[in-house]
Amino acid sequence: MKIIRLLALLSSALISTHAWSAPEYIADLDITSFDGTLLDANLFVPETPPPTEGYPTVIFTNSWALDKHQYHFQARALAEKGYLVLSYSTRGFGHSGGLVDVAGENSIADVSVLIDWLEANYSVGKLGMAGISYGGGISLLGAAHDARVNAVACLSGWADVVEALYPNETVNLVWGGLLVNTALRKEPELNQLWADLRSDQNLGQVIRFAAQRSAISYVDALNEHGTAVLLSNNFADYLFKPNSMVDLYSLLEGPKKLLLNPGTHAITEILAGNEGHIWSTSFRWFDHHLKGEHNGIDSEPKVDMTVRISNKLERYEDYPVTGDSTTWYLRPRFTLFNNGGMTGERYDGWRWTNTFHGGSDTFAGTGIPLLSDALEGFGIPVYTPMLAINGYYAIEYQSPIQWQTLRIRGVPRLEMWIEPSRETVQLNAHLYDVGPLGLGRLITHVPVTLRAGRAGEQQKIDVELFTTSYDVPAGHRVVLAIDTQGLIYQKPQDTAYRIRVPYSSSEVSSLTIPHL
């Protein structure tokens, strides 16, 4: 009986302690912004009294088309650790008023209003912002415009809106259309801007609109504020590609950390629980920069890179992670049914020309839009039967067999001479890991569209493929496959064109691969 009574007392004490430490949850707050717009928010308040310096505070900002409830579990977990946590719906989403302005002046001004409200009603110490996708972008922009934001965790956010929707002057049709069509309450100009981009009209206005909403335009402010910035992006994110985020990371001068992960846009972060690497690292980032905990994150390697397919986590002191690279020079194919070569020696043979045509897509591609990219995060690659790629509509170049694992890390670069028959043409370059059975696994890709180009003239394109981390097994080859259409990109209106590829001692095309 004594044991039972003792257990009951212990149980009661544990319940009492849990109840005392459980944060207060205020489910519905209407916070009036500068223009009278009501922002719908919720708030977790720790039961413990604020420290002398005030509560460490985090503001969560919703992803596109989601609302304040998105981060409920993350917010509660932080509140249980003593954080004051506000989650809100950006204007135009959830029950907030106003119209979506794609992180425009109104949405960024809202951030400062929310901070004012918190400071007026609670004891606020150091403050951070976090969010996925749209929320990540607004967190970066909010920090750039308000020095009271001490730390940011930007997950699947963007650095450059131009690169997102118009990579290498190619309209990102699937992702752009998805964004425009899922914002039901938006500023009228958004539909017009999207129509202009698709029709190649008023591009100066479109690019100005995008640049004003790009964090890379405000990197000087982030550096001046000393904002501690954590960036997380995914290799198969074909909306907010990691290339521009890597560029932003390189320009930051304050505390910074970069996470590069497999998977597509936002899915990796949304499906990862609080104990997953992305969220646990974000929590540790805030613990150090907002609470002052000495948890070692400031002395750890700055770059965490998870290898595609194998999902092996690697850590590096900084980015780029390697100074090593291999350059392969493109050599001609001799029929439509074989591949050109890639070797370590510059082409110095007879002048030669290969031709492939627009007008049809091929098996070269990124798989089923959105779905294939998401599956990659679970280690399921995009496969392509390389023999099925039609040589009339594409051209392929294969490397020598790799006799040891080729550990690709970073941004491959293609320099290629072409002669297009039309002023406007599109190329889609895909890099594959091809085994003995002829199946290709996608390593990375990039689109490029030449607009108002020089039809009938030889010209050199120089383009970076999307950042990647991939291990090509021993016994496999690397194959570069180039065609003229991709499922996720808008193709030119006139696709009846041909691409000639010249080869000579003065017209040397090459592919450069960064590797460990």
Side-chain angles (χ1 to χ4, degrees), residues 40-42 44 58-78 83 85-94 96 100 102-103 107-108 110-111 114 128-143 149 151-161 164-165 175 178-179 182-183 213-215 228-242 244-245 248-249 257-286 304 306 370 373-374 376-378:
D40 185 31
N42 58 45
F44 279 102
V58 171
I59 297 176
F60 278 114
T61 306
N62 60 284
S63 300
W64 192 266
L66 298 181
D67 65 13
K68 66 178 183 179
H69 299 293
Q70 178 180 357
Y71 308 103
H72 181 86
F73 296 108
Q74 288 86 4
R76 185 178 184 87
L78 285 173
Y83 286 83
V85 187
L86 177 78
S87 299
Y88 77 106
S89 303
T90 53
R91 56 176 59 217
F93 289 124
S96 287
V100 177
V102 192
S107 291
I108 302 308
D110 290 340
V111 171
L114 293 169
M129 292 190 67
I132 298 171
S133 185
Y134 191 52
I138 287 184
S139 296
L140 276 178
L141 292 168
V149 181
V152 167
C154 172
L155 314 180
S156 273
W158 71 86
D160 187 345
V161 178
L165 298 179
W175 280 105
L178 182 65
L179 292 180
T182 52
R213 290 156 170 80
S214 297
V229 178
L230 180 146
L231 305 171
S232 174
N233 271 75
N234 305 325
F235 292 121
D237 186 342
Y238 301 142
L239 174 57
F240 301 145
K241 279 75 65 178
S244 61
M245 195 59 79
L248 174 64
Y249 168 85
K257 189 169 182 65
L258 176 66
L259 312 181
L260 294 172
N261 325 291
T264 190
H265 177 68
I267 296 298
T268 304
E269 291 87 350
I270 288 175
L271 295 182
N274 290 359
E275 303 303 318
H277 181 64
I278 296 172
W279 278 111
S280 63
T281 303
S282 299
F283 288 173
R284 292 180 63 230
W285 189 252
F286 287 145
D304 292 358
T306 303
L370 309 184
D373 314 329
E376 192 214 68
F378 299 96

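By convention here, the first residue in the shown sequence is residue 1. Keep in mind the model is a prediction, meaning the values are calculated, not measured.
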Exercise for review: Taking salt bridge (charged side-chain N to carboxylate O under 4.0 Å, His left out) as the test, write out the residues that go with D110, two or more places apart.
Suggested key: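 Once residues adjacent in sequence are excluded, the partners of D110 under the salt bridge (charged side-chain N to carboxylate O under 4.0 Å, His left out) criterion are R91.
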Exercise for review: Go through the structure and list residues passing salt bridge (charged side-chain N to carboxylate O under 4.0 Å, His left out) with K68, not counting sequence neighbours.
Suggested key: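 K68: salt bridge (charged side-chain N to carboxylate O under 4.0 Å, His left out) contacts with D28, D40.
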By side chain to side chain donor-acceptor pair (under 3.5 Å), which residues pair with [X], not counting sequence neighbours?
X    : value
T264 : none
T182 : W64
S232 : N261, E269

Heavy-atom side-chain contact between [X] and [Y] under 4.5 Å:
X    : Y    : result
W158 : L141 : yes
Y134 : T61  : no
L248 : L140 : yes
N234 : S156 : yes

Check your understanding: Would you say the side-chain atoms of S89 and N62 include a donor-acceptor pair closer than 3.5 Å?
Key ->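 The criterion, which ignores hydrogens and geometry beyond distance, is not satisfied for N62 and S89.
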Point to revise | Validation row, ring centre F44 to ring centre H72 under 6.0 Å | key: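 So the answer is yes for these two rings.
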Point to revise | Listed partners of Y238 passing ring-ring contact (aromatic ring centres under 6.0 Å, His included), at least two apart | key: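 For Y238 the ring-ring contact (aromatic ring centres under 6.0 Å, His included) partners, ignoring immediate neighbours, are H445.
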